[in-house]
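These notes are about the structure you will find just below.
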Amino acid sequence: MFDYVIIGAGLSGSVIAERIANVLNQKVLIIEKRNHIGGNCYDYKDENNIIIHKYGPHLFHTDYKEVVDYLSNFTDWEIYHHRVLAFIDGKKVPIPFNLNTLYEVFPKTLAEKLERKLLGKYQYNSKVPILDLLKEEDQDLKFLANYIYEKVFKNYTAKQWGLKPEEIDPQVTARVPIYISRDNRYFTDKYQAVPKEGYTKIFERMLNHPNIKIMLNMDFKEVLSIDLESKKIYFMGQEFKGKLIFTGPIDELFEYKFGDLPYRSLDLKFERLNMEYFQEVATVNYPNDYDFTRITEFKHIHPTKSEKTTILKEYPKAYQPDRDIPYYPVFTRESQELYNRYKEDAEKFENLILVGRLAEYKYYDMDDIVERALEAFEKEVK
Ligand code: FAD
């Protein structure tokens, strides 16, 4: 028998398994329902020899040095600064919206006037929420705020979350800032890079340890159950007295007893094209046109010599538990309350630890989840 069982071989489960195996020198079993490790960070080389992120583009960016140091035990890095363009009024322009974007979308004299006003009011390199600009007395700055809100955010958000544009609450969307800078990079974190040989290699190295056993193609429900009354966990029919680290969907663990937690899903459509490059940068957003939200060309992320290229179009869609992958939690007051009810129940189990975006119903970037998993190991698992 194992002292530790982990559900899910994504980033959270794999970091904790690695720590249990190496630091505690204990045996750990991972149960994963997919046919591969790595969760949503999984990547592979396709027939064009290009590294593809199977579950959508994953860009590593962080200010946490300790996360970089930890992951560097399992990979070398390639410096990479992500750039995103948005297709607006027939032109591709840099986003986040910055001072360069002004000159791409407006005539020079208007762009100069707006730049002067922005720099007269705000510090260079600061980020100003559109909502603040919308409140400006100055009519030119108000005009700019409305332009960005209408052309960049409103329809993109509507597509992403399946809402009508008029249902979008500016109080939420317009928190996104305009960047008072000439920096065209998408992120401004101190560390920005991609793993040299892709993400999957990180997982292979983390999990390649005699103390770690992995069962792929196995839904946890086939071997594990919880008794909601006695608050006991059963593994292969016997009471499990070790620690269960659960990184799957919390509502599934509790048999949806309070109802389904809402998520948004995606249809990911890959296309292999007979051309060297399809677009100028890794990602182009389409806020107002077409049904997809963005197109990613992976060759820009992992440079590869090839006559061909591979692109990905993302089509957001409603989520159905037995059909789709739960990509993004839909945060509303009701969904948060529903999650809290599950969490309260989970806390009554002595040997159950919840970690990860599905178990904690939280949007975590990769660096956040590594930080969270390392913390959970120190404070809850050890
Ligand atoms: P997961 O990776 O989801 O792992 C959970 C695992 O549990 C999965 O392997 C799943 O198959 C398994 N599981 C679920 N149910 C069961 C079951 N019943 N039985 C057994 N196993 C089960 N972060 C960034 O930092 N930069 C980015 O650019 C970025 N882009 C993203 C793009 C998209 C489209 C998405 C969805 C996320 C992105 N992220 C990005 C976030 C990143 O994917 C997460 O931080 C990370 O994957 C979280 O790891 P996790 O272990 O919590 O979850």
Side-chain angles (χ1 to χ4, degrees), residues 5-18 29-43 53-64 67-68 71 80-82 84 160 186-187 189 191-195 199-200 202-203 206-207 214-226 244-256 261 263-268 282-283 292-294 296 298 301 312-317 319 321-322 324-329 354-373 376:
V5 171
I6 298 179
I7 307 303
L11 198 47
S12 51
S14 299
V15 168
I16 294 177
E18 182 278 322
L29 172 69
I30 306 181
I31 296 167
E32 167 58 57
K33 77 170 180 185
R34 293 179 186 172
N35 63 359
H36 60 73
I37 55 175
N40 283 349
C41 303
Y42 176 77
D43 56 17
H53 301 170
K54 181 170 179 176
Y55 301 99
H58 276 68
L59 296 319
F60 181 75
H61 57 98
T62 189
D63 284 323
Y64 302 135
V67 169
V68 178
L71 290 176
Y80 170 76
H81 294 275
H82 195 48
V84 179
Q160 177 80 5
Y186 196 66
F187 304 113
D189 306 55
Y191 305 98
Q192 303 187 39
V194 285
Y199 292 99
T200 302
I202 296 185
F203 290 91
M206 269 182 186
L207 300 177
I214 307 169
M215 284 165 117
L216 294 178
N217 297 309
M218 173 76 78
D219 194 300
F220 76 84
K221 295 189 286 302
E222 294 175 55
V223 286
L224 196 127
S225 62
I226 58 172
L244 174 65
I245 296 113
F246 187 79
T247 78
I250 186 171
D251 50 352
E252 193 180 328
L253 179 64
F254 284 88
E255 295 160 13
Y256 305 99
L261 283 166
Y263 282 95
R264 241 353 230 168
S265 193
L266 291 169
D267 260 340
L268 300 177
T283 298
F292 46 82
T293 44
R294 56 181 183 173
T296 296
F298 290 97
I301 302 174
L312 165 66
K313 292 180 180 158
E314 292 176 47
Y315 296 82
K317 65 173 183 184
Y319 166 70
D322 289 331
D324 303 314
I325 296 177
Y327 281 110
Y328 301 107
L354 302 175
V355 189
R357 61 178 199 103
L358 298 167
E360 296 181 86
Y361 197 65
K362 202 168 169 182
Y363 189 87
Y364 279 119
D365 269 336
M366 291 182 283
D367 60 332
D368 297 321
I369 205 67
V370 171
E371 181 89 344
R372 165 75 185 117

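Here the structure is a predicted model, which is why all the values come from computation and not from measurement. We use all heavy atoms of the structure for the numbers below, so side chains are in, but hydrogens, waters and symmetry mates are not. Note that ligands are numbered from 1 as they come in the structure, with each ligand's atoms numbered from 1 the same way.
- In terms of N/O distances under 3.5 Å, ligand 1 is approached by Asn40.
- For an aromatic pair to be called close, the ring centres must be under 6.0 Å apart, and His81 with Tyr186 fails this.
- A donor-acceptor pair shorter than 3.5 Å can be found between the side chains of Asp367 and Thr62.
- Not one N or O of Asp367 is nearer than 3.5 Å to an N or O of ligand 1, by distance alone.
- At a heavy-atom distance under 4.0 Å, no atom of Asp368 approaches ligand 1.
- If you check which protein heavy atom lies closest to atom 36 (C) of ligand 1, you get Tyr327 CD2, 3.3 Å.
- For Tyr80 and His82, the gap between ring centers is short of 6.0 Å.
- For His58, a nitrogen or oxygen atom sits less than 3.5 Å from a nitrogen or oxygen atom of ligand 1, counting backbone and side chain alike.
- Between atom 30 (N) of ligand 1 and the options Ala373, Gly10, Pro57, the minimum heavy-atom separation is to Pro57.
- For a threshold of 3.5 Å applied to N or O pairs, the pair formed by Phe220 and ligand 1 contains at least one separation below that value.
- Between Tyr191 and His61, the distance from one ring center to the other does not fall under 6.0 angstrom.
- Of the protein's non-hydrogen atoms, Tyr364 O, 3.4 Å is the one closest to atom 44 (C) of ligand 1.
- Ligand 1 has Met218 within reach: a non-hydrogen atom of the residue lies less than 4.0 Å from it.
- The option with the heavy atom closest to atom 20 (C) of ligand 1, from among Arg264, Lys33, His82, is Lys33.
- In this structure the side chain of Cys41 reaches within 4.5 angstrom of the side chain of Met366, judged on heavy atoms.
- Interface atoms of ligand 1 facing Pro249, defined by a heavy-atom separation under 4.0 Å, are 14 (C), 15 (N).
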- Item | Derivation and outcome, side-chain contact (heavy atoms from CB on, under 4.5 Å), residues Val223 and Met218 | CA-CA 8 Å; Val223 286; Met218 173 76 78; 4.1 Å; yes
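- Those atoms of ligand 1 with a heavy atom of Arg34 less than 4.0 angstrom away are 11 (O).
- In plain terms, the two heavy atoms of Thr296 and Pro57 that are nearest each other are OG1-CG, 3.5 Å.
- Using a 4.5 Å heavy-atom cutoff, the side chains of Glu314 and Thr283 are not in contact.
- Close contacts of ligand 1 with Gly356, meaning ligand atoms under 4.0 Å from a residue heavy atom, involve 52 (O).
- Ligand 1 places these atoms under 4.0 Å from at least one heavy atom of Glu252: 18 (N).
- At least one N or O atom of Leu59, backbone or side chain, sits closer than 3.5 Å to an N or O atom of ligand 1.
- The residue among Phe187, Tyr199, Tyr363, Phe60 with a heavy atom at the shortest distance from atom 37 (C) of ligand 1 is Tyr363.
- Summarising the geometry of Phe203 relative to Ser14, their closest heavy-atom pair is CD2-OG, 3.4 Å, with the distance given to 0.1 Å.
- Scanning the protein heavy atoms around atom 24 (C) of ligand 1, the nearest turns out to be Asp365 OD1, 3.3 Å.
- Ranking protein heavy atoms by distance to atom 12 (C) of ligand 1, first place goes to Glu32 OE1, 3.4 Å.
- Separation of the Tyr55 and His36 ring centroids falls under the 6.0 Å cut-off.
- Geometrically, ligand 1 and Gly13 share no nitrogen or oxygen pair separated by less than 3.5 Å.
- Those atoms of ligand 1 that come under 4.0 Å of a heavy atom in Tyr328, given as number and element, are 33 (C), 34 (C).
- Of the listed residues (Lys362, Arg357, His36, His53), the one carrying the non-hydrogen atom nearest atom 1 (P) of ligand 1 is Arg357.
- Checked by atom type and distance alone, the side chain of Glu32 never pairs as donor or acceptor with a backbone atom of Ile214 at under 3.5 Å.
- Of all the listed residues (Cys41, Gly56, Gly8), Cys41 holds the heavy atom that lies closest to atom 47 (O) of ligand 1.
- The two residues Phe60 and Tyr199 come nearest to each other via the heavy atoms N-OH, 3.4 Å.
- Of the protein's non-hydrogen atoms, Ser12 OG, 2.6 Å is the one closest to atom 51 (O) of ligand 1.
- Looking at Met366 next to ligand 1, an N or O pair under 3.5 Å apart turns up.
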- Message: Checking Lys54 against Asp43 for the salt bridge (Lys or Arg N to Asp or Glu O under 4.0 Å) test, could you report, in this order, the C-alpha distance in whole Å, the side-chain angles of both residues, the deciding distance, and whether it holds?
- Response: CA-CA 6 Å; Lys54 181 170 179 176; Asp43 56 17; over 6 Å; no
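- Phe220 pairs by the ring pair (Phe, Tyr, Trp, His ring centres under 6.0 Å) definition with Phe246, not counting sequence neighbours.
- Considering backbone and side-chain N/O atoms, His61 never comes within less than 3.5 Å of an N/O atom of ligand 1.
- Listed by chain and number, the residues in a side chain to side chain donor-acceptor pair (under 3.5 Å) with Glu360 are Tyr364, Arg372 (sequence neighbours excluded).
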